[in-house]
Amino acid sequence: MIALVDGVRQELLPVTDSSIIRGDGIFEAVRSYGGSLFALDEHLERLGLSAAAVGIPLPDDGRIGSWARSLAAEGGEGIVRVIVSRGDAVPGSSSNSRIVLLHHQLPFSPATVRLRLWPAPWHPAGRPWELAGIKTLSYAPNVAASRLASRDGFDDALLTADDGAVLEGPTFCVAWVTDGVVKAPSVDLGILDSITRRHVLRLATEAGMTVETGRFSSTEVSTANEVFAMSTVKEVTPVISVGEREFPIGPVTTRLRELFRAFVTESIRAT
């Protein structure tokens with residue numbers, strides 16, 4: 001692992017930092033392909049939206065992007081995380097925001113995933129909320145859902161609203177295919193505006209597929225032909241079961257995975 005704190009190479013944070021005391025901060029995770037970052041500008045733009053939503057100032061001189069690129073070039077394949085805290089959270093200490101970047105290896109990601117539907121009462125699910133769709137550090141409920149789904153023999157959880165509407169995974173987005181139509185929960189539900197999701201749905205449209213987003217019940221998923229997950233780490237990963245319902249690795253999922261990987265390769269070559 002390689003880490004920078006405010007541009008200085010180190011792996012230590014003060015115990016007074018708001019990320020530790022309050023879980024108060026924002027983050028992004030950017031995929032490094034052989035030392036080149038995919039969609040860095042989009043990640044930094046989303047980081048800026050998160051910072052504005054929680055009131056944490058960011059430098060506007062490009063240093064975060066420069067730090068990220070240097071870590072990726074040194075570390076190669078992996079993930080570059082950008083974490084911004086509000087600074088020290090103990091009275092009498094500094095109140096300046098703190099910027100942490102670290103490069104680490106890709107976490108293990110299975111080739112297929114099995115999901116358990118999991119109620120998420122903490123999720124906005126379409127209710128107005130200032131932090132809806134914001135990448136804050138406060139991931140404890142999501143992490144708990146993943147852990148408990150794993151305890152029950154699944155790879156991860158698929159979060160649902162009180163009325164059973166499908167939302168997102170704890171760290172990924174989902175979509176499914178019904179009679180050739182690609183369907184996905186809308187970002188209006190307060191799910192993350194995933195950059196991977198954004199490009200996959202665009203690629204689907206450009207390939208002539210019909211794409212629908214909205215509020216869908218878990219019944220919509222259980223009657224689908226194919227299901228897949230999307231994230232920086234997972235890219236496009238087939239979902240082979242949701243609860244007891246099993247799904248094949250279908251042609252649409254396979255095609256979208258190929259299209260996305262080709263797009264990533266093209267984007268990296270252009271940087």
V211-F228 co-clustered via ILVMFWY side chain contacts under 4.5 Å: yes
4.5 Å side-chain heavy-atom contact, V5 and L12: no
Whether R81 side chain and H104 backbone form a donor-acceptor pair below 3.5 Å: no
Euclidean distance, E42 CD relative to R46 CZ, rounded to 0.5 Å: 9.0 Å
Option passing side-chain contact (heavy atoms from CB on, under 4.5 Å) with F260 (candidates H199, R202, R255): H199
Cluster check W129, I26: I/L/V/M/F/W/Y, side chain < 4.5 angstrom: yes
Minimum-distance pair of heavy atoms, taken over all atoms of L58 and I64: CD2-CD1, 4.2 Å
Other residues, nucleotides, ligands: >12 heavy atoms within 6.0 Å of E206 CD: yes
Taking every non-hydrogen atom, the tightest pair across S109 and V233: CB-CG1, 3.8 Å
Hydrophobic cluster membership, V227 vs V166, 4.5 Å side-chain cutoff: yes
CG on D193 to CG on L49, rounded to 0.5 Å: 9.0 Å
Close side-chain approach of L159 to W118, heavy-atom, < 4.5 Å: yes
S150 (side chain) donor-acceptor with S146 (main chain) under 3.5 angstrom: no
T253 side chain to I249 backbone, donor-acceptor under 3.5 Å: no
Derivation and outcome, side-chain contact (heavy atoms from CB on, under 4.5 Å), residues V54 and L131: CA-CA 8 Å; V54 301; L131 299 184; 3.6 Å; yes
Close side-chain approach of I2 and R9, heavy atoms under 4.5 Å: yes
Exam field: side chain D88 to backbone V90, donor-acceptor pair closer than 3.5 Å: no
Residues H103, V80; criterion side-chain contact (heavy atoms from CB on, under 4.5 Å); working and verdict: CA-CA 4 Å; H103 178 287; V80 172; 3.8 Å; yes
F27 ring center within less than 6.0 Å of Y139 ring center: yes
Pairwise side-chain contact, T213 with L201, heavy-atom cut-off 4.5 Å (strictly under): yes
Criterion side-chain contact (heavy atoms from CB on, under 4.5 Å) on F216 and V221, from CA distance to verdict: CA-CA 8 Å; F216 301 106; V221 177; over 6 Å; no
Hphob cluster co-occupancy, V143 + L167, side-chain heavy atoms under 4.5 angstrom: no
Heavy-atom pair with the smallest gap, counting every atom of G243 and F154: O-CE2, 3.7 Å
4.5 Å side-chain heavy-atom contact, V30 and L37: yes
Partner set under side chain to side chain donor-acceptor pair (under 3.5 Å) for N225, not counting sequence neighbours: none
Exam field: side chain S50 to backbone I134, donor-acceptor pair closer than 3.5 Å: no
Nearest heavy-atom neighbours spanning I191 and V187: CG1-CA, 3.7 Å
Approximate separation, where rounding is to 0.5 Å, of M209 CE and L256 CG: 4.0 Å
I83 side, atom CD1; L102 side, atom CG - distance, nearest 0.5 Å: 5.0 Å
Distance-only donor-acceptor pairs under 3.5 Å for side chains of residues 172-186, two or more places apart:
{"residue": "K183", "atom": "NZ", "partner": "E220", "partner atom": "OE1", "Å": "3.3"}
{"residue": "S186", "atom": "OG", "partner": "D188", "partner atom": "N", "Å": "3.1"}

Exercise: identify the closest heavy-atom pair between A3 and E11: CB-CG, 3.9 Å
Donor-acceptor contact present, side-chain D6 to main-chain R98, <3.5 Å: no
Closest approach of A224 to F247 (non-hydrogen atoms, all atoms of both residues): O-CE2, 3.5 Å
Pairing residues for S19 by the side chain to side chain donor-acceptor pair (under 3.5 Å) criterion, not counting sequence neighbours: D17
Validation row: R269, S36 side chains within 4.5 angstrom (heavy atoms): no
Polar side-chain atom of R197 near backbone of L192 as donor-acceptor pair, under 3.5 Å: no
Expected output: side-chain R31 to main-chain T232 donor-acceptor under 3.5 Å: yes
Distance, nearest 0.5 Å, that separates OG1 of T112 from NZ of K234: 10.0 Å
Between D24 and S18, a side-chain donor and acceptor under 3.5 Å: no
Test item: I240 and R114 side chains (from C-beta on) under 4.5 Å apart, heavy atoms: yes
Enclosure of R22 CZ (heavy-atom neighbours >12, cutoff 6.0 Å): no
Joint hydrophobic cluster, M230 plus V252, side-chain heavy atoms closer than 4.5 Å: yes
Check: T219 main-chain N/O paired with S222 side-chain donor or acceptor under 3.5 Å: yes
Candidate pair E28 and L44, rule side-chain contact (heavy atoms from CB on, under 4.5 Å), full reasoning: CA-CA 8 Å; E28 285 289 330; L44 292 179; over 6 Å; no
R116 side, atom CZ; E244 side, atom CD - distance, nearest 0.5 Å: 9.5 Å
Side-chain (E77) to main-chain (G34) donor-acceptor, under 3.5 angstrom: yes
Within 6.0 angstrom of D61 CG, more than 12 heavy atoms from elsewhere: yes
Validation row: P238, R257 side chains within 4.5 angstrom (heavy atoms): yes
